[in-house]
Undergrad: 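I'd like to ask some things about the structure below.
Small disclaimer: the values here were computed from a predicted structure and weren't measured.
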Amino acid sequence: MRLADPLGAVPSVIPTVGSKELVALLPTMLGLRGAGTVLIPEVAYPTYEVGGVLAGLGVRRTDTPPEDAAGVVLVWLNSPGNPHGRVLTDDELRAWVAWGRAHGVPVVADECYATLGWDVEPRSILHPEVAGEDHGGLLAVHSLSKQSTAAGYRAGLLSGDPALVRQVWEVRRHLGLLVPTPVQSAMAAALADDAHVDEQRERYRARRDRLAAAVRAAGARIDHSEAGLYLWVTRDEDCWTTIDWLAARGIVAAPGSFYGPAGGRHVRMALTATDERISAAVERLAG
Ligand SMILES: Cc1ncc(COP(=O)(O)O)c(C=O)c1O
């Protein structure tokens, strides 16, 4: 789709109304409606699938580049991942970049938990060690919701391949998907300040350390969770049995099956509860 361009500017990064609407609308805004398949992670934030379905596309779950690229029109990666906190290695990211470029398929990385690495330092798909000299065929999605606890501001960012960013930007301004000036000013202030991001990360780290120790002491296992805002917990049983076990202690978690069939034996415990609520959960797990 080509639309009139009275402004002529070519931004390589644009603000979005939080990242969720971008995730849900990206296939549509890239003009992919109607035919083809979107690849999403095996266990994934549900909005990648929503966006594919909304655009009338097929959706296929995979954590590795498939041998058969026929019909694939878009790839979603999410590192660090929701719900499991998995971080893709440089080699895994490079494999997707190479695959996308070989087949002419855009690869989009949702990196909204990028600042929340615990056991590893998450790498952006746009990093030169991964992308090489240019960002051709690649997009990165970021959000201030997690790093600045600013979900209510609806403050997201899209960057990467200038041609793809440009295409999205052209459609967005004709849809009125524009970020209000006061929110853009707040974003600029937040992005210029690392101190509050560090402070918030340490708050999450303290919650994570305490909750993880309590979960393990209660006999459950934590998989992945090397970054991000969640513990990916299993007792090697159906997730609903674990949900019942937690509910009996007054603890609410998300069943892993919400995020795809491969999540059916895990639950997602969030570190977004207050310190006081985390303390209560720790006590109840011990009791
Ligand atoms: C992986 C992932 N992407 C995107 C979002 C959307 O965040 P926001 O719209 O607040 O930027 C979330 C929210 O939980 C998420 O977990």
Undergrad: Is it the case that atom CD in E121 sees more than 12 heavy atoms from other parts of the structure closer than 6.0 Å?
TA: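 Atom CD in E121 is not crowded, with 12 or fewer foreign heavy atoms closer than 6.0 Å.
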Undergrad: When clusters are formed by joining ILVMFWY residues with side-chain heavy atoms under 4.5 Å apart, either directly or through shared neighbours, do Y204 and V282 land in the same one?
TA: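 They do share one cluster, since a chain of ILVMFWY contacts under 4.5 Å joins Y204 to V282.
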Undergrad: Could you walk me through whether V72 and H103 satisfy the side chain to side chain contact (heavy atoms under 4.5 Å, CB included) test, starting with their C-alpha distance in whole Å, then the side-chain angles of each, then the deciding distance to 0.1 Å, before giving a yes or no?
TA: CA-CA 9 Å; V72 178; H103 298 288; over 6 Å; no
Undergrad: Between CG of L57 and CG of L32, what distance do you get to the nearest 0.5 Å?
TA: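 Going from CG on L57 over to CG on L32, the span is 6.5 Å.
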Undergrad: Can you confirm whether Y113 sits close enough to N82 that some side-chain heavy atom of one is under 4.5 Å from a side-chain heavy atom of the other?
TA: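 In short, these two side chains touch, coming nearer than 4.5 Å.
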Undergrad: May I ask you to decide whether D275 forms a salt bridge with R207, counting only side-chain N to carboxylate O separations under 4.0 Å?
TA: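 So D275 pairs with R207 through a salt bridge.
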Undergrad: So, do V97 and V130 sit near enough that their side-chain heavy atoms are less than 4.5 Å apart?
TA: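 Yes, at least one pair of side-chain atoms sits under 4.5 Å.
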Undergrad: Please answer whether the main-chain N or O of L88 pairs with a side-chain N or O of S79 as donor and acceptor at a distance below 3.5 Å.
TA: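 Judged by distance alone, yes, a pair lies under 3.5 Å.
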Undergrad: Treat each ILVMFWY residue as a node, draw an edge where side-chain heavy atoms are under 4.5 Å apart, and state whether V59 and Y259 are in one component.
TA: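 Hydrophobic grouping puts V59 apart from Y259.
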Undergrad: If every non-hydrogen atom of P122 is compared with every non-hydrogen atom of P80, which pair is closest and at what distance?
TA: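 Closest pair (atom of P122, atom of P80, distance): CG-CG, 3.6 Å.
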Undergrad: What verdict does the salt bridge (charged side-chain N to carboxylate O under 4.0 Å, His left out) test give for R172 and E21, after you've listed the backbone C-alpha separation in whole Å, the side-chain angles of each residue and the deciding distance to 0.1 Å?
TA: CA-CA 11 Å; R172 292 180 66 81; E21 56 88 358; 2.5 Å; yes
Undergrad: Answer whether the closest heavy-atom distance between the side chains of L246 and V233 falls below 4.5 Å.
TA: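 L246 vs V233: side chains apart.
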Undergrad: If we ignore hydrogens and angles and just use 3.5 Å, is the side chain of D161 paired with the main-chain N or O of G137 as donor and acceptor?
TA: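 Checking the backbone N and O of G137 against the side chain of D161, a donor-acceptor pair under 3.5 Å is found.
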Undergrad: Can you name the one residue among E237, H266, R265 that meets side-chain hydrogen bond (donor to acceptor under 3.5 Å, both in side chains) with T242?
TA: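 Result: among E237, H266, R265, E237 is the only option passing the side-chain hydrogen bond (donor to acceptor under 3.5 Å, both in side chains) with T242.
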Undergrad: Minimum heavy-atom separation for G117 and A227, please, with both atom names.
TA: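 Here G117 and A227 meet closest at CA-CB, 3.7 Å.
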Undergrad: Please walk me through it: do R86 and D63 pass side chain to side chain contact (heavy atoms under 4.5 Å, CB included)?
TA: CA-CA 11 Å; R86 179 178 166 208; D63 285 335; 3.6 Å; yes
Undergrad: Between atom CG of L231 and atom CD1 of I222, what is the distance when rounded to the nearest 0.5 Å?
TA: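 Taking CG in L231 and CD1 in I222, the distance rounds to 4.5 Å.
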Undergrad: Would you confirm whether R249, through its side chain, and A281, through its main-chain N or O, come within 3.5 Å as a donor-acceptor pair?
TA: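 No, R249 side chain to A281 backbone: no donor-acceptor pair under 3.5 Å.
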Undergrad: So with a 6.0 Å cut-off around OH of Y45, is the heavy-atom count from everything else above 12?
TA: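 Yes, OH of Y45 has more than 12 neighbouring heavy atoms, counting only those of other groups under 6.0 Å.
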Undergrad: Could you point out which residue of L157, V141, L25, L158 forms a side chain to side chain contact (heavy atoms under 4.5 Å, CB included) with T16?
TA: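 It is L158, the one option of L157, V141, L25, L158 that forms the side chain to side chain contact (heavy atoms under 4.5 Å, CB included) with T16.
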Undergrad: Do V50 and L77 belong to the same hydrophobic cluster, where Ile, Leu, Val, Met, Phe, Trp and Tyr are linked whenever their side-chain heavy atoms lie under 4.5 Å apart, directly or via other members?
TA: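 In one cluster: no.
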Undergrad: Are R173 and W169 in a cation-pi contact, defined as NZ or CZ under 6.0 Å from the six-membered ring centre and within 45° of the axis?
TA: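 Yes, a cation-pi geometry holds between R173 and W169.
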Undergrad: Do L93 and V107 share a hydrophobic cluster (ILVMFWY, side-chain heavy atoms under 4.5 Å, transitive)?
TA: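 Shared cluster, yes.
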Undergrad: Run R284 and I251 through side chain to side chain contact (heavy atoms under 4.5 Å, CB included) and show every step you take.
TA: CA-CA 8 Å; R284 290 172 189 180; I251 299 171; 4.2 Å; yes
Undergrad: For D194, check salt bridge (charged side-chain N to carboxylate O under 4.0 Å, His left out) against everything at least two apart and list the hits.
TA: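 Applying salt bridge (charged side-chain N to carboxylate O under 4.0 Å, His left out) to D194 gives none.
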Undergrad: For the CG atom of L229 and the CD atom of Q147, what is their distance to the nearest 0.5 Å?
TA: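 Rounded to the nearest 0.5 Å, the CG-CD separation comes to 11.5 Å.
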Undergrad: Let me confirm one number: the NE2-CG distance from H135 to L164, rounded to the nearest 0.5 Å.
TA: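 Rounded to the nearest 0.5 Å, the NE2-CG separation comes out at 12.0 Å.
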Undergrad: Applying side chain to side chain contact (heavy atoms under 4.5 Å, CB included) between P15 and each of L144, V183, V179, report the one that passes.
TA: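 The single option meeting the side chain to side chain contact (heavy atoms under 4.5 Å, CB included) with P15 is V179.
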Undergrad: If only atom types and distance count, is the side chain of R61 paired as donor or acceptor with the main-chain N or O of A262 below 3.5 Å?
TA: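 Checking the backbone N and O of A262 against the side chain of R61, no donor-acceptor pair under 3.5 Å is found.
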Undergrad: Backbone N or O of D223 within a donor-acceptor pair of the S225 side chain at under 3.5 Å?
TA: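 Yes; judged by distance alone, with no hydrogens or angles, the pair exists.
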Undergrad: Determine yes or no for a side-chain-to-main-chain donor-acceptor pair under 3.5 angstrom, with D209 supplying the side chain and A213 the backbone.
TA: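 No; zero donor-acceptor contacts below 3.5 Å.
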Undergrad: Kindly confirm or rule out a cation-pi arrangement of R235 over W245, judged by NZ or CZ under 6.0 Å from the six-membered ring centre and within 45° of its axis?
TA: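 Yes, a cation-pi geometry.
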Undergrad: Between W76 and Y48, what is the ring plane arrangement, given parallel below 30°, perpendicular above 60°, and tilted in between?
TA: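 Plane angle between 30° and 60°, so tilted.
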Undergrad: Check the pair L211 / L285 against side chain to side chain contact (heavy atoms under 4.5 Å, CB included), numbers first and verdict last.
TA: CA-CA 9 Å; L211 189 59; L285 284 165; 4.2 Å; yes
Undergrad: Would you say the side-chain atoms of S279 and R210 include a donor-acceptor pair closer than 3.5 Å?
TA: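 Judged by distance alone, the side chains do pair up.
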Undergrad: Going by heavy atoms in the side chains, are L138 and P106 under 4.5 Å from each other?
TA: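 No. Closest side-chain heavy atoms not under 4.5 Å.
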Undergrad: Taking the six-membered ring for Trp, are W232 and H84 parallel (under 30°), tilted (30 to 60°) or perpendicular (over 60°)?
TA: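 Rings of W232 and H84: perpendicular, as their planes differ by over 60°.
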Undergrad: How about T62 and E42: does a side-chain donor come under 3.5 Å of a side-chain acceptor?
TA: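 Their side chains do not contain a donor-acceptor pair, so the 3.5 Å distance test is not met.
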Undergrad: For the pair R221 and D236, find out whether any cationic side-chain nitrogen is under 4.0 Å from an anionic carboxylate oxygen.
TA: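 Yes, R221 and D236 are salt-bridged.
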Undergrad: Might you point out which heavy atoms bring P83 and Y230 nearest each other, and give the distance in Å?
TA: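 Reported closest heavy-atom pair: O-CB, 3.5 Å.
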Undergrad: Where the side chain of W99 meets the backbone of P66, is there a donor-acceptor pair that is under 3.5 Å apart?
TA: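 Yes, because the side chain of W99 sits within donor-acceptor range (under 3.5 Å) of the backbone of P66.
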Undergrad: For the backbone of E92 and the side chain of D90, can you confirm whether one donor and one acceptor N or O come within less than 3.5 Å of each other?
TA: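 Side chain of D90 to backbone of E92: no pair is present.
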Undergrad: Can a donor-acceptor pair be found, under 3.5 Å and without considering hydrogens, that links the side chain of H127 to the backbone of E129?
TA: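 It does hold such a pair.
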Undergrad: Given the rule that I, L, V, M, F, W and Y join up when any side-chain heavy atoms are under 4.5 Å apart, are L30 and L175 in one cluster?
TA: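 Yes, same cluster.
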Undergrad: Can you measure from OG (S143) to CG (L22) and round to the nearest 0.5 angstrom?
TA: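 If I round to the nearest 0.5 Å, the distance is 10.0 Å.
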Undergrad: Hey, are S148 and H196 close enough side-chain-wise for a donor-acceptor pair under 3.5 Å?
TA: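 Yes - a donor-acceptor pair under 3.5 Å links their side chains.
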Undergrad: At what distance, to the nearest 0.5 angstrom, does CG of L139 lie from OG of S159?
TA: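 Here the interatomic distance stands at 7.5 Å.
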